[in-house]
Protein chains: 2
Amino acid sequence: MTADAPLKQPGRPSLIQVAALSGVSAKTASRALSGEGYVAAKTRQRVHEAADQLGYRPNGVARDLRRGAKASTLVGLISGDLANPFYSRLASGLERKLRVNGLQLITASTEENPEWERQLTDTLLERRVRGLVIASTMAGHDHLAGERIHGIPFVFVDRPPVGLSADAVLLDNRGGARQAARHLVEAGHRRIGVIGDLSRLFTHRDRIGGFAEVVETAGITGWADYLLEDAHDVATAERAVRELLGRTPAPTALFTLNNRITTGAVRALRGHPSPPALIGFDELDLGDFLGVSVITHDPEEMGRWAAQLLLDQLFGDADEPARHVVLPTRLLVRDSSERPPRDLGG
Amino acid sequence: MTADAPLKQPGRPSLIQVAALSGVSAKTASRALSGEGYVAAKTRQRVHEAADQLGYRPNGVARDLRRGAKASTLVGLISGDLANPFYSRLASGLERKLRVNGLQLITASTEENPEWERQLTDTLLERRVRGLVIASTMAGHDHLAGERIHGIPFVFVDRPPVGLSADAVLLDNRGGARQAARHLVEAGHRRIGVIGDLSRLFTHRDRIGGFAEVVETAGITGWADYLLEDAHDVATAERAVRELLGRTPAPTALFTLNNRITTGAVRALRGHPSPPALIGFDELDLGDFLGVSVITHDPEEMGRWAAQLLLDQLFGDADEPARHVVLPTRLLVRDSSERPPRDLGG
DNA sequence: ATGAAAGCGCTAACAT
DNA sequence: ATGTTAGCGCTTTCAT
């Protein structure tokens, strides 16, 4: 019971070593360090000194194993691209709400690669995070079916679960696209170029759907000729816009389906002698400065809702049915969409 | 040895249950599921079926505990603000390089709050991530002293370790600020407004230092009268710029010490009849479009270097001394800095 | 090709 | 106020 703990250098010291060095049992050392109470002040101090001296750091893995998954304070967020301000603002809203509830957010990026999403969810699930928020890029989610029943709570954001009933926070993509389309159609535009993201994504398809409703109701046929898809990054979007503008007849207006694509369009339109009208889905950094009309919404609010649904699953009734929250969009008219159609074609 | 495993619903099934259901021992089940080999094809299949049926998911916490910390594939990145494109690009470079080496990146944000940084590092360290990359907002790092010796490897980015020898990847802040200052001074500016971030941050102080060197050499006195600090967000920066422009005499040029502050300045200068020259540290989204001159550098490269240093610590000699890498900056002249000083004052 | 036993580091449960 | 025992779920060793 003296200070000579078995020195298996250079591994990290364990609680046992701390206990040995301070001449108490493991449990007492544990109590002293975790502040559980019922430890004499003197003992407590001796244990702390021993811990400091050895450079002891508790092993959270062992603790979690013993205490069960409920001990973890980590919540994971998995998304396609954390560099996108939409997701980073979502993450920010989520994090703040989690933090006041004693939870910590960790985020991971899949770069819209389903295989990486699968690996990341597996890793985080296996390491027993407390909960998971997913902006999924996968086509289906059968592999998560077991989780909700006897596992880790999760919430889908931005994109809904497929083949699975689960909580989700979504945007009114259809409604937003309708607002944009109506705005352009009412200004007299008949040839509207639409530039979209990866065509497999739910958000993309829904936005196209909303747009189609409006233009078809307005009697505009052949709109799909001016639809370009899979422009996932700024450069591709820029090229797509140039291509559209080079056509005869050229579109008199542009609807870009997310913030990156809008950025590409802004670039492509730079210095253009008679640019088409432009409206984009998602707010843009410096959007007011640039004078770009947008369909705006509140990514932080989406994050806060995701946190709320997760907290309800963690601390509320376990048997609640899955809930879906749909957040509204708002049309923000700035200069770029006020350019009238400038010819008689169409 | 029949299928009646102890049903302690509603917890998750363990390997034992899978083993029981398939009529083999735990070890055999483990072998079958982890692909370790030496399992009969038939057995393997039976085990997999049982696992699927129960919705089994291996417990990574238990696995890590048994295997030791080297089993983890998670590397953490802790930074002050992941929504800032500088950090998200850094994260992207880091992630790609880690991924090809079989490691996964998780990120966490401290919002420049030292207490939260402390909590997050503790949590990740205790849960035994494989390595840690930190853009630290703390004043000192004694608490990490033990880690490098018998613990988890870490690398500092953007801001150096204080009171501790550790690997780091830094920017040539001083040199970059000198480039900016020289550029403005050579154009004849004598009254240069400088708007800085949190004054306690290393990067901030270093940039001020580089600027001071140049202007003092040029015989400009009283430059500090035009220095405004602690403009940590866009709105504060915008206000700071307005304040500077309202002075008599007003500065003829502005040097903004990071991307957020530059954004604020761009806003403040909007519609100004005779705006001062402007140059900012860090590239800006749409910076070319906006015509803002900047001191640019490569955040992805910083991420890749951080990955390299971490990988060297993980797989190379453990006893290497700490290494510091300093990345260069480049002056990118666009319209905003070409505006000449417009009066005789100074 | 399979199994039994031990133990990773910690804490819950039950002493004392 | 402190100690003992057992066990979280897995994998390592060593048998067979």
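Residue numbering restarts at 1 for every chain, and letters A, B, ... go by the order of the sequence lines.
The side chain of A:Thr43 contributes an N or O atom lying less than 4.0 Å from OP1 or OP2 of D:dT2. Contact annotation: B:Arg66 does not reach the phosphate of D:dT12 (side-chain N/O to OP1 or OP2, under 4.0 Å). Taking side-chain N and O atoms only, A:Ser25 has no distance below 4.0 Å to OP1 or OP2 of D:dT2. Contact annotation: A:Tyr56 reaches the phosphate of C:dC10 (side-chain N/O to OP1 or OP2, under 4.0 Å). When the side-chain nitrogen and oxygen atoms of B:Ser30 are compared with OP1 and OP2 of D:dT11, one or more of them lie within a distance under 4.0 Å.
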**Message:** I'd like to know whether B:Phe156 forms a ring-ring contact (aromatic ring centres under 6.0 Å, His included) with B:His324, so could you lay out the CA-CA distance, the side-chain angles of the two residues, the decisive distance to 0.1 Å, and finally the verdict.
**Reply:** CA-CA 9 Å; B:Phe156 283 78; B:His324 281 213; 8.6 Å; no
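A salt bridge links A:Arg304 and A:Glu301; the closest N-O separation between the charged side-chain nitrogens and carboxylate oxygens is under 4.0 Å. In summary, A:Asp64 and B:Arg127 engage in a salt bridge, as defined by a charged side-chain N under 4.0 Å from a carboxylate O. A salt bridge links B:Arg96 to A:Glu111: at least one charged side-chain nitrogen sits closer than 4.0 Å to a carboxylate oxygen.
B:Arg31 places its CZ atom 11 Å from the P atom of D:dT12, with the value rounded to the nearest Å. The distance from atom NZ of B:Lys42 to atom C1' of C:dT2 is 16 Å, rounded to the nearest whole Å. Here C:dG9 presents its C1' atom at 16 Å from CZ of A:Arg57, a figure rounded to the nearest Å. In this structure, B:Tyr38 places its OH atom 15 Å from P of D:dT13, rounding to the nearest Å. At whole-Å resolution of the value, CG in B:Asp64 and P in D:dG9 are 15 Å apart. A straight line from CG of A:Asn59 to C1' of C:dG7 spans 14 Å, rounded to a whole angstrom. For the pair B:Leu65 CG and C:dG9 P, the interatomic distance rounds to 7 Å; values are reported in whole Å. Rounded to an integer number of Å, the gap from CZ of A:Arg67 to P of C:dA12 is 6 Å.
Other residues, nucleotides and ligands contribute more than 12 heavy atoms inside 6.0 Å of the CZ atom of A:Phe315.
With hydrogens and angles ignored, no donor-acceptor pair closer than 3.5 Å exists between the side chain of A:Arg12 and the base of C:dG9.
Nearest-nucleotide positions on DNA chain D for A:Arg46 and B:Ala26 put A:Arg46 closer to the 5' end.
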